[in-house]
> 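Okay, handing you the structure first.
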Amino acid sequence: AQMVREARPTDATRMAEISVAGWQTAYVGIVPDDVIARQRVEPHIDYFASDAAFADGMQTFVVEANGVVVGFCHLGPLRAESHETLEGCELWGMYVDPDHQGRGFGRGLMEAAMDHFRSVGCAVAYLWVMRDNEAARSFYETAGWRLDATASRTEPFHQVRYLISP
């Protein structure tokens, strides 16, 4: 059985482990091998246990399977491109442990994210995803996200932006 709940600072280590595992699996062939090899849990732990991760406007949910955190999503205000005047919310990141993918944990996190966006009155939410991460793009498209043709990034990686009206 899965349970989605708000994250706590004590979840930082598990979220960091899931982040790094995600990089080591999802981004092979997308991100240079040396970048993947340099991924370490410690900086992620430092962030997810920090005040910044829990500041006003930030929200993180974890999903548990049998009492163990197997995924998380991190939400916050839109980080608009420098030339934009957009307002909205952003799904800053979503990761499910590679060993637990394809079992509905991501869908549970997405429901929590959408509920949160609606509860704070967010009219449009955005997310960035690696352009060549076909599995993630398919997941987001199935969840109703639409490609935002007005924005893309080439540095440091090729990324595309999606949007949704929660």
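Everything quoted here is computed from the prediction, not taken from an experiment. Quick note: numbers below take in every heavy atom, side chains included, and nothing from hydrogens, waters or symmetry partners.
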> Taking 4.0 angstrom as the limit, do D11 and R14 come out as a salt bridge?
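Salt bridge absent between D11 and R14.
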> Checking R137 side chain against R131 main chain: does a donor-acceptor pair fall under 3.5 Å?
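Flag set: sc R137 to bb R131 pair under 3.5 Å.
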> Can you tell me if CD on E81 sees more than 12 non-hydrogen neighbours from other groups inside 6.0 Å?
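Counting neighbours around CD of E81, more than 12 heavy atoms of other residues, nucleotides or ligands fall under 6.0 Å, so yes.
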> Same cluster or not: are F48 and F105 linked, directly or through other Ile, Leu, Val, Met, Phe, Trp or Tyr residues, by side-chain heavy atoms under 4.5 angstrom apart?
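Different clusters: F48 never reaches F105 through Ile, Leu, Val, Met, Phe, Trp or Tyr contacts under 4.5 Å.
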> Is there a side-chain contact between F54 and R8, using heavy atoms and a 4.5 Å cut-off?
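No. Closest side-chain heavy atoms not under 4.5 Å.
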> Taking atom CD as the centre, does E87 end up with more than 12 heavy-atom neighbours from other residues, nucleotides or ligands that are less than 6.0 angstrom away?
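Count not over threshold, so no.
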> Could you tell me whether the side chain of V96 reaches within less than 4.5 Å of the side chain of I18, counting heavy atoms only?
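Answer no - side chains too far apart.
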> Are more than 12 heavy atoms, taken from residues, nucleotides or ligands other than D34, located less than 6.0 Å from that residue's CG atom?
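More than 12 heavy atoms, drawn from other residues, nucleotides or ligands, come within 6.0 Å of this atom.
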> Would Q39 and H44 count as having a side-chain donor-acceptor pair, cut-off 3.5 Å?
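Checked: Q39/H44 side chains pair up, N/O donor to acceptor below 3.5 Å.
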> Rounded to the nearest 0.5 Å, what separation is found between the CE atom of M114 and the SG atom of C122?
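Result: 8.5 Å between the selected atoms.
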> Between F157 and P32, which heavy-atom pair has the shortest distance, and what is it?
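Closest pair (atom of F157, atom of P32, distance): CE2-CD, 4.1 Å.
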> Hydrophobic clustering (ILVMFWY, side-chain heavy atoms < 4.5 Å, transitive) - are F117 and W128 grouped together?
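The answer is no; the residues belong to distinct hydrophobic clusters.
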> Has the side chain of T142 got a donor or acceptor atom that lies under 3.5 Å from a matching backbone atom of S138?
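Checked: pair present.
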> Ignoring hydrogens, what is the shortest heavy-atom contact between L86 and A80? Give both atom names and the distance.
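Scanning both residues, the minimum pair turns out to be O-CB, 4.3 Å.
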> Report yes if some heavy atom in the side chain of F61 is under 4.5 Å from a heavy atom in the side chain of E6; otherwise report no.
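Yes, side chains in contact.
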> Quick check: closest heavy atoms across G22 and P98, and the distance to 0.1 Å?
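Minimum heavy-atom contact is N-CG, 4.4 Å.
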> Measure the spacing between SG of C73 and CE of M110 and express it to the nearest 0.5 Å.
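Between atom SG of C73 and atom CE of M110 there are 7.5 Å.
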> Measure up the Y162 and Y140 rings against each other and bin them: parallel (under 30°), tilted (30 to 60°), perpendicular (over 60°).
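Geometry flag for Y140 against Y162: tilted rings.
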> Is it the case that the side chains of R79 and Y126 hold a donor-acceptor pair, with the cut-off being a distance below 3.5 Å and no angle test?
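The answer is no; no qualifying pair exists.
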> Establish whether M3 and V62 are linked, either directly or via other cluster members, by ILVMFWY side-chain heavy-atom contacts under 4.5 Å.
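No, no single cluster joins them.
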> Do the side chain of E111 and the main chain of G108 share a donor and acceptor less than 3.5 angstrom apart?
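Judged by distance alone, no pair lies under 3.5 Å.
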> Do P77 and M58 come close enough that some side-chain heavy atom pair is under 4.5 Å?
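Yes - at least one pair of side-chain heavy atoms lies under 4.5 Å apart.
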> So V63 and V69, do their side chains get closer than 4.5 Å, heavy atoms only?
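No, too far: nothing below the 4.5 Å cut-off.
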> Between H100 and R103, is the side-chain contact (heavy atoms from CB on, under 4.5 Å) condition met? List the steps.
CA-CA 6 Å; H100 290 82; R103 299 191 211 166; 3.7 Å; yes
> Do F72 and M94 have side-chain heavy atoms sitting under 4.5 Å apart?
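Side chain of F72 against side chain of M94, heavy atoms only: no contact under 4.5 Å found.
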> L78 and L163: same hydrophobic cluster, using ILVMFWY side-chain contacts below 4.5 Å?
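Per the 4.5 Å side-chain linkage, L78 and L163 are co-clustered.
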> Does any non-hydrogen side-chain atom of Y95 lie less than 4.5 Å from one of W23?
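In short, these two side chains touch, coming nearer than 4.5 Å.
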> May I ask you to test the W92-T60 pair for a side-chain heavy-atom distance under 4.5 Å?
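They are not in side-chain contact.
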> For the residue pair V28 and Q24, what are the closest heavy atoms and their distance?
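Taking every non-hydrogen atom into account, CG2-O, 3.2 Å.
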> Please give me the minimum heavy-atom distance between H74 and A53, naming the atom from each residue.
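Shortest heavy-atom separation between H74 and A53 comes out as CE1-O, 3.6 Å.
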> For C89 and V120, work out which heavy atoms get closest and say how close.
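Closest approach of C89 to V120, heavy atoms only: SG-CG2, 4.3 Å.
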> Using only atom types and a distance under 3.5 Å, with no angle test, would you say the side chain of E64 pairs donor to acceptor with the backbone of V70?
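Here the side-chain-to-backbone pair does not exist.
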> Measure from the side-chain N and O atoms of R161 to the backbone N and O of L127, and report whether any donor-acceptor pair falls under 3.5 Å.
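Such a contact is absent between R161 side chain and L127 backbone.
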> Membership question, hydrophobic clusters at under 4.5 Å side-chain separation (ILVMFWY): are W145 and V129 in the same one?
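Yes, one cluster joins them.
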> Does R146 come within less than 4.0 Å of E141, counting only side-chain N to carboxylate O?
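Salt bridge: no.
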> How long is the span from the CG atom in L75 to the NE2 atom in H116, to the nearest 0.5 Å?
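Those atoms lie 5.5 Å apart.
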